[in-house]
Amino acid sequence: MSITGILMAAAIVGGTGLFIGVFLGAAGKKFAVEVDEKEEAILGVLPGNNCGGCGFAGCSGLAAAIAKGEAPVGQCPVGGAPVAEKIAAIMGQEAGETIHKVAYVKCAGNCENSKEKYEYSGIRDCTIVNMMQNNGPKACTYGCLGFGNCVKACPFDAIHVVDGIAVVDKDACKACGKCIEACPRKLIELIPYEQKYMVQCSSKDKGKDVMAVCSGGCIGCRLCEKACESGAVTITDNLAHIDPEKCTGCGKCAEKCPKKIIHIC
């Protein structure tokens, strides 16, 4: 090949490269996505668990929503008050009060208390078992099935099946709500970390029917309701409920409960 041919080939290759470089540079500027500095700063202080407990698709989704004013600064359940304060500073707002919450399983139907209709040896999955005939082996159709869907769902190893029922480690729980979504019987709810007492039962059956299937269930006797001087305890659908905003933590409801299913959280 002659020198002229080599120079022409080099010029063509060089010119093509230059054209592509200019084109890509212009396209990059035209189609560049503007980065919100507040959004980036908020993402930097979020814990990065991407658990979805905030209701958004990961921490980046929450950061974008907060930066746009579409979510409160305290929306992250994992970060709690410390993260809320940092985000509030970025947004130039007041953090406000953030209530520290934890998950609580409303069932005391462990292996000793609850009765079973039959012995089950199939797939250990709460959702599958709950759809079976008679809603699974446990006689109480409201109680914890104990196959650990909530355990699998928890990204913080804060819930475990102990003696046939799910139990939450309140100090490890980040209130992400994954266990609540995973429970087919909706036995788990978020309660204030500081709450003193909770009714560890979800059955809406009448007292005699409860006693027939579980010795650890609420029988709706109203003794707790009568004992409560602050009006925090009420009976609805044969089941006792405690209002955390009214509860003073005196413990009189627990003392009067004949089934001993009102426990210190």
Hey, does [Y] have a side-chain heavy atom less than 4.5 Å from the side chain of [X]?
X: Asp205; Y: Asn238; result: no
X: Pro77; Y: Cys54; result: yes
X: Cys221; Y: Pro258; result: yes
X: Cys51; Y: Lys174; result: no
X: Cys126; Y: Pro184; result: yes

Ring pair (Phe, Tyr, Trp, His ring centres under 6.0 Å) partners of residues 128-160, not counting sequence neighbours, each pair once: Tyr120-Phe147
Does Glu229 CD have over 12 foreign heavy atoms under 6.0 Å away? no
In terms of hydrophobic clusters joined by side-chain contacts under 4.5 Å, are [X] and [Y] together?
X: Tyr197; Y: Leu223; value: no
X: Ile261; Y: Met198; value: no
X: Ile165; Y: Val199; value: no
X: Val167; Y: Val102; value: no
X: Ile180; Y: Ile159; value: yes

Test Met91 against Ile42 for side chain to side chain contact (heavy atoms under 4.5 Å, CB included), laying out the working first. CA-CA 9 Å; Met91 294 295 293; Ile42 292 169; 3.8 Å; yes
According to side chain to side chain donor-acceptor pair (under 3.5 Å), who are the partners of [X], at least two apart in sequence or on a separate chain?
X: Gln200; answer: His263
X: Ser215; answer: Asn113
X: Thr127; answer: Asn149

Return the set of residues passing salt bridge (Lys or Arg N to Asp or Glu O under 4.0 Å) with Lys106 (not counting sequence neighbours), or none when no residue passes. Glu189
Side chain to side chain contact (heavy atoms under 4.5 Å, CB included) partner of Ile262, chosen from Cys224, Cys201, Cys218: Cys224
Taken in chain and number order and not counting sequence neighbours, the residues that satisfy ring pair (Phe, Tyr, Trp, His ring centres under 6.0 Å) with His100 are Tyr193
